[in-house]
Protein chains: 2
Amino acid sequence: MDDETKPKGQMSAEVRRELLMTAALEVMKREGVAAASTRAICEEAGMPHGAFHYCFGSKRELFAAILRNGLDVPLEKSWILLSPSTHPEDAFRILLRGYWDDVVADPRRELVLSELTNHALRDDALRGLPAWESGLYRERIAKHLSELAERTGSEVLIPHTDLAEMILSAILGATTSWLSHGEDETARRTLDHFAGVFARFIHPREATVAADL
Amino acid sequence: MDDETKPKGQMSAEVRRELLMTAALEVMKREGVAAASTRAICEEAGMPHGAFHYCFGSKRELFAAILRNGLDVPLEKSWILLSPSTHPEDAFRILLRGYWDDVVADPRRELVLSELTNHALRDDALRGLPAWESGLYRERIAKHLSELAERTGSEVLIPHTDLAEMILSAILGATTSWLSHGEDETARRTLDHFAGVFARFIHPREATVAADL
DNA sequence: GTCTATACGTGGATAGAC
DNA sequence: GTCTATCCACGTATAGAC
């Protein structure tokens, strides 16, 4: 039962940091980022309040750790679902629906993501993290677009990063809007519309060109 | 100079409420919603702290008043710019660029809008306001779409509210993404791409149909 | 390393003087 | 109506006992 060699309820600061981070996210989802005080987080983690400050130098460090860890892995899973034979028309629909499944599976998470991003943007020491994360996602999507185009022998009509940013914006916007109005069906329909739109940016390459191989 | 009949620095509670609301927005833009304490707001407005609680019963009431007042008037101005002869192709570009001009004219405002919405979503007494505002905007856009279609003798290929929601999502998403990465050119390009996309949902009606009139 | 106790500031809200 | 003084809960962070 005891996978630690330490005598009592002792555990490495490393483990404690993990516990505090997950506890923090739990509190944030339940009561909001503003309510996630160091006291509330420690209580959630079952630790005394004093534990906090020998795991993290300050609350800001905890925020930085959470943001750096990456909160969501948008789309990453769903790209894998695409088989080489998948039509671009269907590809984006599968992709956005996969994303939406993740959202409805844990809706509060999206609100936390927005709150955390806003929080970071207001803090000089954290302001860089949203930009970094945003760029990371865009690059990933752009890379997947290249692979998709190559696999299906198609070409993307605009720069890959442009389409990636559009996809990111559409996802983000539909989700944000849904947080406000709460209409599941509307969000689903909006994403489906966008899927159709994005597919039109993927154009099958001429057969004659393919023959060059 | 004195447009008040009251003897001293006296002013109606009505006026004070207005002053507090604008002061609150000022503080929020400068330091964030979280930093907008009743004390900070009163200081900004040049009032003593005690003034707050005979203008608003609670801080929540101030938030409700601000949210109900409507923070942004998205697109509303720009629709007017469209002349009857404007091609749908150009219409959306004019529209989204007009929106973006407003954003860059006062960038902090968008961050505040996001913060305020998140705040409201966490408060049982305020949760309804974002939904109400969201629905209002969608309706307005849908109405303008109808007018645009009628004026140009075109038809919209999907339900007007569907396209309205897409426009709203695209705007919201592009703005939110821009708040993170801060790249003005990227945002502008993204919105232009979306403008082109939306135009394809507007289809000129058959000349033969128009002849029916 | 671990945790208790505490320091110190700030928040929203109110009582009561003017 | 207007404002001062104050209450009390809660925030981050630290000092120091174990």
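First the proteins, then the strands, lettered A, B, ... as listed; each starts at 1.
Atom CZ of A:R151 sits in a crowded spot, with more than 12 heavy atoms from other residues, nucleotides or ligands closer than 6.0 Å.
A salt bridge links A:E44 with A:R30; the closest basic N to acidic carboxylate O contact falls under 4.0 Å.
To the nearest angstrom, C1' of C:dG1 lies 9 Å from CZ of A:R16. We find that CD of A:E14 is positioned 18 Å from C1' of C:dT2, with the value rounded to whole Å.
Scanning residues 56-67 of chain B for heavy-atom distances under 4.0 Å to DNA chain C yields B:S58, B:K59. Applying a 4.0 Å cut-off to non-hydrogen atoms, the residues of residues 29-49 of chain B that approach DNA chain C are B:S37, B:T38, B:R39, B:H49, listed by residue number.
Side-chain atoms of B:S146 come within 3.5 Å of backbone N or O of B:A142 as a donor-acceptor pair.
Partners of B:K29 under the salt bridge (charged side-chain N to carboxylate O under 4.0 Å, His left out) rule, at least two apart in sequence or in another chain, are B:D106.
Each of B:A13 and B:G50 was matched to the nucleotide of DNA chain D holding its nearest heavy atom; the match closer to the 5' end belongs to B:A13.
Within the model, atoms CD of B:E139 and CG of B:L136 stand 6.5 Å from one another, a figure rounded to the nearest 0.5 Å.
In this pair, B:F56 and B:F52 present their aromatic rings tilted. The plane angle is within the 30 to 60° band.
A:C55 and A:R17 get closest at one heavy-atom pair: O-NH1, 3.0 Å.
For the side chain to side chain contact (heavy atoms under 4.5 Å, CB included) with B:I167, the lone residue among B:Y137, B:F198, B:F201 that qualifies is B:F198.
A:F52 comes within 4.0 angstrom of nothing in the nucleic acid, heavy atoms only.
Within the 4.0 Å cut-off from OP1 or OP2 of C:dC3, at least one side-chain nitrogen or oxygen of A:Y54 is found. At the phosphate of D:dT14, neither OP1 nor OP2 sits under 4.0 Å from any side-chain N or O atom of A:H53.
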